[in-house]
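What follows is a set of notes on a single structure, which appears directly below.
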Amino acid sequence: MKQLNNILLLILIAMVTLACGSGDATAPTLDAPLALNATDITQNSFTAKWVGVANAKSYQIDVSTANNFSSFVDGFEAKSVSDVKLEVSSLDANTDYFYRVRAVNGETLSANSMTITTRTTIPEDVPLKEAAQSFFIGNVVQSNRMTGTHKEILNREYSSITAEYEMKMNIMYPYEGAYDWTRSDAIVDFAVTNNLNLHGHALIWHNSTPDWIENYTGTDAEFEAMLEDYVKTVVTRYKGKVKSWDVVNEAIEDGSGDYRNSVFYQRMGADYIAKCFKWAREADEDVLLFYNDYNLCDNGNKLTAVLNMIDGLTTGNVPINGLGFQMHISYNWPDRSDIEAAAQKVVDRKLKLHFSELDIRANPNNDLTSLSSARSLELKAKYKEIAEVYTAIPNDNKYALTIWGMKDNESWLLDFWGHIDWPLLYDSNFDEKDAYYGFLEGLMK
Ligand code: 9MR
């Protein structure tokens, strides 16, 4: 009996010591929580969970897209939680997230739990063209890339196509008096057969002028007659099939905003632009007529010069329906507010706006040799931004949002800049990139 009393006494002393221990100045012992797999995973959220530990008054959670926690999801760096779970929301779809938790008691922090990885789900399986409810989603074609996976993706995801280079003057009119319609006809037939909208690109572009026109030997009057014949012949041939034309492409210089000193300008003066629009309209009274150019979104004087030129056309009753912003941009340029401001100027003029050649350089400074997950997410964010900005303009001003290339290794940018980049929605195996999902999310906003 005495022995039992002694044991009870010892237990009592031990309990009192433990109880006092938590109240005295010595730091409590805090084990790291056991983090559990996330539950309730959606495309934009999940619930992080963990097992509580003795002595914890609360917990802190870190959430990151980097498994080394080199950065944190906004608002989720050491976020304090009193429960043993937390809903993490406003996330990107189809993206890997990492979280870790520690226990807190006053100033004392436990070690971090092990890191849990979770991936938000793929957005609803909506094709791009269905996500974009009031305008076309376009991509480019080349006549030798209209079968197999190219064709399958075009038909599934896109509602519009543009010829990447085979409906330009050097291809359709290579020799004086001798048109060659082989490739343009194939593309037009493809659009008609597959029920795709066809944007014609481009009747006049200084960079695709055949040599015989660059070195034209006739008089200026003969040059003008030749050009009228060309514009009317092409537009008439594809009347009813080509729904819109870039009538003139890149007529204004960067920087100065002067008219580009092309052979057209030299032969006919600035008036060549108005004349080409009028000829195109005479050939097809329904086709939409666009002026198309690049670098119009960074708030520079090129936009002002282009708008002045367009205002001159409108004042002179020249038939023009819209403006194409090419949108060859980078993941970090230009700013959203500059793009919105430029778009608004087109809306203010009651013109249609075509984002006509969208590609986004992920590697403009050539600082990467492969697409890092961090840069891939930055690219995704920019694609989402562009889709949001376009979706937000009034329906009457929308026409199409056209991506300039199907998959990364087909982009003109690689040759042009001479180094690797990943500017498109699909990787070289036709797999949808983070950028694809960002673009889709932006369209569905
Ligand atoms: O991407 C196009 C490339 O395949 C052609 O070789 C090139 C010349 O025809 O044109 C490229 O597209 C250009 C577009 O027609 C106008 N804006 C700039 C584009 C990139 O150079």
Side-chain angles (χ1 to χ4, degrees), residues 138-146 150 154 158 160-174 180-184 186-188 190 198-214 230 234 242 244-254 260 262-264 273 276 289-298 302-303 306 322-330 333-334 342 353-364 386 399-426 428:
N139 209 313
V140 292
V141 294
Q142 299 190 1
S143 60
N144 62 356
R145 291 181 183 155
M146 302 193 304
H150 286 99
L154 285 170
Y158 295 87
S160 180
I161 57 169
T162 303
E164 186 167 2
Y165 74 97
E166 291 156 299
M167 292 178 76
K168 292 171 184 166
M169 198 176 195
N170 56 340
I171 305 291
M172 294 191 295
Y173 203 11
D180 180 350
W181 307 113
T182 321
R183 297 193 257 179
S184 47
I187 290 172
V188 174
F190 178 82
L198 178 55
H199 174 66
H201 173 81
L203 293 172
I204 305 290
W205 182 31
H206 67 281
N207 227 1
S208 63
T209 317
D211 288 348
W212 70 270
I213 289 183
E214 286 292 346
Y230 158 75
V234 175
V242 168
S244 49
W245 273 108
D246 286 331
V247 179
V248 177
N249 191 37
E250 303 176 11
I252 301 292
E253 291 279 7
D254 282 330
R260 193 183 290 279
S262 65
V263 66
F264 309 103
I273 299 175
C276 287
L289 303 177
F290 283 86
Y291 173 78
N292 194 51
D293 215 327
Y294 63 96
N295 282 357
L296 297 181
C297 285
D298 67 349
K302 186 165 181 186
L303 176 63
V306 165
L323 190 53
F325 286 2
Q326 291 187 8
M327 303 302 285
H328 298 296
I329 61 174
S330 295
W333 171 91
L353 176 59
H354 182 192
F355 278 3
S356 55
E357 302 181 17
L358 176 63
D359 46 32
I360 305 183
R361 296 166 71 193
N363 198 21
I386 300 303
Y399 176 56
L401 209 176
T402 300
I403 312 275
W404 205 249
M406 178 69 79
K407 57 191 184 97
D408 283 342
N409 62 337
E410 291 176 352
S411 172
W412 69 285
L413 288 162
L414 276 61
D415 276 348
F416 186 80
W417 293 104
H419 61 76
I420 188 77
D421 210 321
W422 310 272
L424 297 171
L425 299 183
Y426 306 86
S428 303

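Order of appearance sets the numbers: ligands from 1, and atoms from 1 within every ligand.
- Between Gln326 and ligand 1, at least one pair of N/O atoms sits closer than 3.5 Å.
- One side chain, Asp254 or Tyr294, offers a donor N or O that lies under 3.5 Å from an acceptor on the other.
- Atoms of ligand 1 found under 4.0 Å from any heavy atom of Glu250 (numbered from 1 in listed order, with element): 16 (C), 17 (N), 18 (C).
- Between Ser208 and ligand 1, not a single N/O pair is under 3.5 Å apart.
- By the 4.5 Å heavy-atom criterion applied to side chains, Tyr399 and Ser244 are counted as neighbours.
- To the nearest 0.5 Å, the span separating CZ on Phe190 from CG on Leu154 amounts to 5.0 Å.
- Nearest protein neighbour of atom 11 (C) of ligand 1, counting heavy atoms only, is Lys168 NZ, 3.7 Å.
- Taking atom 5 (C) of ligand 1 as the reference point, the nearest protein heavy-atom neighbour is Tyr165 CB, 4.0 Å.
- Note that the CD1 atom of Ile329 and the CD1 atom of Ile360 stand 4.0 Å from one another [nearest 0.5 Å].
- There is a protein heavy atom closer than 4.0 angstrom to atom 21 (O) of ligand 1.
- For Thr162 and His199, the side-chain atoms include no donor-acceptor pair closer than 3.5 Å.
- The ligand atoms of ligand 1 that sit less than 4.0 angstrom from a heavy atom of Asn249 are 16 (C).
- Looking only at heavy atoms of the protein, atom 13 (C) of ligand 1 is closest to Trp205 CH2, 3.7 Å.
- Annotation: side-chain hydrogen bond (donor to acceptor under 3.5 Å, both in side chains) contacts of Ser184 (sequence neighbours excluded): Tyr238.
- Not a single heavy atom of Tyr294 sits under 4.0 Å from any atom of ligand 1.
- Every residue was checked against the side-chain hydrogen bond (donor to acceptor under 3.5 Å, both in side chains) condition with Trp212, not counting sequence neighbours, and none meets it.
- The nearest heavy-atom contact from the protein to atom 17 (N) of ligand 1 is Glu357 OE1, 2.7 Å.
- With respect to atom 4 (O) of ligand 1, the closest heavy atom belonging to the protein is Glu164 OE2, 3.1 Å.
- Side-chain contact between Met167 and Trp245 is present, with at least one heavy-atom pair separated by less than 4.5 Å.
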